[in-house]
Amino acid sequence: MMHRFQDSSIGYLNTSTALASGTLESYLDYLVKNNYTVLSFKNLILSAQANQEFYKTVCFTIDDGYIDFKNVAFPLFKKYKLPATVFITTGLVENKLMMWWDQVEYLFNNTEQSKVEITLNSSTLTLKVKSQEEKRAAIRLVVQIFKLFSLSQVFSCLQRLSEQLDVVLPDEPPKQYSALRWADIREMKKYNIDFQPHTVAHPVLSRIGLAEQEWQIKVSSDTIRERLNSNPIAFCYPNGLLGDYTADTISILKRTNFMGACSSERGFFNSAYTDLFNIPRFALPKKYYKFVLYVSGCRFWQLAMQEKIKNVLVTRKTSRQVVDTNNRIDQQVKQVE
């Protein structure tokens with residue numbers, strides 16, 4: 001699982017969250033030289049349904065749909081003739097939408113305030129935002145808190161945050177937040193890069209009503225079908241942890257003719273045990289030796305022996321969870337303090 005790539009052409013060089021091109025190339029080179037099979041997520045699902053065995057098999061997924069995938073990662077997948085799957089937030093394409101967490105980052109990075117007091121629900125946060133380190137800590141905290149809200153609540157909070165930080169959000173996303181365009185997507189599709197839906201606007205699905213969930217899923221799927229003349233069968237849950245989607249979400253996906261979906265829960269895939277609508281993923285490690293541990297299967301045995309991940313291969317069950325938002329906010333604040 002990947003999201004962003006270090007891309008000097010757009011000024012996005014965040015070393016803590018973005019992957020360097022040299023790191024990715026070393027991984028792809030290792031897979032080719034050691035005769036691994038690399039599948040798109042769609043073909044992973046189809047192969048599982050056909051009861052095919054998976055030996056030395058890897059699947060790369062990239063979430064959201066930023067332009068740095070085209071600039072940095074795509075040339076490498078093309079060079080090594082390997083597939084990848086991009087789960088696109090369709091509202092992001094063509095820079096029609098600035099992701100809400102990018103808006104949070106933009107507001108804090110551009111404020112001239114040294115301290116700000118923010119009220120979220122009944123909790124009031126006093127955040128120091130003078131140094132870059134303080135700004136990064138504030139961004140992390142606010143993003144985590146916003147994940148507890150519905151999309152409408154997030155945008156309402158963003159408006160207040162803009163006023164409190166005295167920063168006006170731009171009409172279009174700045175260059176470092178640029179998204180793919182449909183022309184880019186159609187071109188990459190020719191080279192075995194598959195595109196599947198990741199909703200329209202990236203809400204945490206369990207925080208919104210069922211009608212809005214269905215709209216987010218159906219419209220993003222229809223958009224890909226119309227724009228790319230292909231039938232989406234795979235889905236990626238926004239944020240993707242247990243509690244971020246529910247059994248009702250899965251029912252909607254099945255009614256909309258999806259065949260599987262991936263979460264952000266950590267775990268290995270096994271076609272005999274893994275629920276195709278709860279497929280776990282690992283974030284791509286930044287260290288070469290860790291990557292080798294994962295793809296060789298050694299990491300599985302490490303995790304199993306240490307019991308850090310329970311039920312690595314069994315079906316992951318989801319249930320609607322009642323979220324005490326105020327309590328969760330207080331917990332987030334205490335963790336930062």
Side-chain angles (χ1 to χ4, degrees), residues 1 3 39-51 59-65 83-94 96-97 99-100 147 150-152 154 179-180 182 185-186 188-189 193-265 269 271 274-281 315-321:
M1 172 177 60
H3 288 83
L39 295 177
S40 68
F41 193 79
K42 176 178 72 176
N43 285 337
L44 180 78
I45 291 172
L46 294 174
S47 297
Q49 288 187 328
N51 295 317
C59 176
F60 289 101
T61 61
I62 301 91
D63 294 1
D64 302 328
T85 298
V86 182
F87 288 103
I88 52 175
T89 306
T90 55
L92 178 67
V93 181
E94 304 284 355
K96 291 181 178 179
L97 170 73
M99 292 295 212
W100 62 260
K147 288 178 181 179
S150 68
L151 208 54
S152 60
V154 168
L180 293 170
W182 288 112
I185 292 170
R186 282 188 286 270
M188 290 187 286
K189 191 171 178 287
I193 305 299
D194 189 40
F195 294 89
Q196 300 288 336
H198 193 34
T199 73
V200 176
H202 206 285
V204 176
L205 292 170
S206 62
R207 310 289 187 260
I208 62 177
L210 291 181
E212 188 177 352
Q213 286 191 48
E214 187 157 7
W215 183 87
Q216 289 280 344
I217 292 167
K218 187 176 186 305
V219 170
S220 59
S221 177
D222 288 345
T223 301
I224 289 175
R225 185 178 293 105
E226 293 165 7
R227 291 281 190 167
L228 302 182
N229 194 29
S230 62
N231 188 36
I233 65 166
F235 186 78
C236 178
Y237 304 109
N239 207 47
L241 299 177
L242 293 181
D244 292 332
Y245 59 100
T246 69
D248 289 329
T249 309
I250 295 172
S251 294
I252 293 170
L253 289 173
K254 290 178 177 179
R255 288 201 309 269
T256 322
N257 297 320
F258 283 91
M259 297 182 181
C262 61
S263 71
S264 298
E265 290 288 328
F269 176 80
S271 58
T274 305
D275 177 358
L276 292 183
F277 283 87
N278 291 285
I279 296 176
R281 299 181 292 173
T315 300
R316 295 169 179 270
K317 297 181 181 179
T318 62
S319 61
R320 180 172 293 279
Q321 299 180 0

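Hydrogens, waters and symmetry mates are skipped; everything else that's a heavy atom, side chains included, is used.
- Gln213 and Thr249 form a side-chain donor-acceptor contact under 3.5 Å, judged by distance and modelled atom types alone.
- The minimum heavy-atom distance linking Ser264 with Leu241 is given by the pair O-CD2, 3.9 Å.
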Checklist line | Phe195 and Arg186: CA distance, side-chain angles, deciding distance, side-chain contact (heavy atoms from CB on, under 4.5 Å) verdict | finding: CA-CA 9 Å; Phe195 294 89; Arg186 282 188 286 270; over 6 Å; no
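- Residues Tyr245 and Ser263 come closest through the heavy atom pair OH-CB, 3.5 Å.
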Next item on the list: Quick one: do Leu180 and Met188 satisfy side-chain contact (heavy atoms from CB on, under 4.5 Å)? Show the steps, please.
Entry: CA-CA 11 Å; Leu180 293 170; Met188 290 187 286; 3.7 Å; yes
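- The shortest heavy-atom contact between Val200 and Thr90 is CA-OG1, 3.5 Å.
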Next item on the list: For Asp244 and Arg207, run side-chain contact (heavy atoms from CB on, under 4.5 Å): C-alpha distance rounded to whole Å, both residues' side-chain angles, the deciding distance at 0.1 Å, then the answer.
Entry: CA-CA 7 Å; Asp244 292 332; Arg207 310 289 187 260; 3.8 Å; yes
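- The CG atom of Leu210 sits 10.0 Å away from the CG atom of Leu205 when rounded to the nearest 0.5 Å.
- Using a 4.5 Å heavy-atom cutoff, the side chains of Gln216 and Leu151 are in contact.
- The nearest pair of heavy atoms linking Ile224 to Pro197 is CD1-N, 3.4 Å.
- Annotation: side chain of Phe258 is in contact with side chain of Ser221 (closest heavy-atom distance under 4.5 Å).
- Rounding to the nearest 0.5 angstrom, the gap separating the NZ atom in Lys218 from the CG atom in Asn257 is 10.5 Å.
- With hydrogens and angles disregarded, a donor-acceptor distance shorter than 3.5 Å links the side chain of Thr246 to the backbone of Asp248.
- Judged by distance alone, with hydrogens and angles left aside, the side-chain atoms of Ser220 form a donor-acceptor pair with the main-chain N or O of Ile217 at under 3.5 Å.
- Here the shortest heavy-atom pairing between Phe41 and Cys262 reads CZ-CB, 3.4 Å.
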Enumerate, atom names and distances included, each donor-acceptor pair closer than 3.5 Å involving a side-chain atom of residues 227-238, sequence neighbours excluded.
residue: Asn231; atom: OD1; partner: Arg225; partner atom: NE; Å: 3.2
residue: Asn231; atom: OD1; partner: Arg225; partner atom: NH2; Å: 3.0
residue: Tyr237; atom: OH; partner: Phe277; partner atom: O; Å: 2.8

Next item on the list: In sequence, state the C-alpha distance, the side-chain angles, and the governing distance for Asn278 and Ile250, and then conclude on side-chain contact (heavy atoms from CB on, under 4.5 Å).
Entry: CA-CA 9 Å; Asn278 291 285; Ile250 295 172; 3.8 Å; yes
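- Distance check: Leu276 CG to Lys254 NZ gives 9.0 Å after rounding to the nearest 0.5 Å.
- Nearest heavy-atom pair across Ile45 and Ile279 is CG1-CD1, 4.2 Å.
- The shortest side-chain heavy-atom distance between Thr85 and Lys42 does not fall under the 4.5 Å cut-off.
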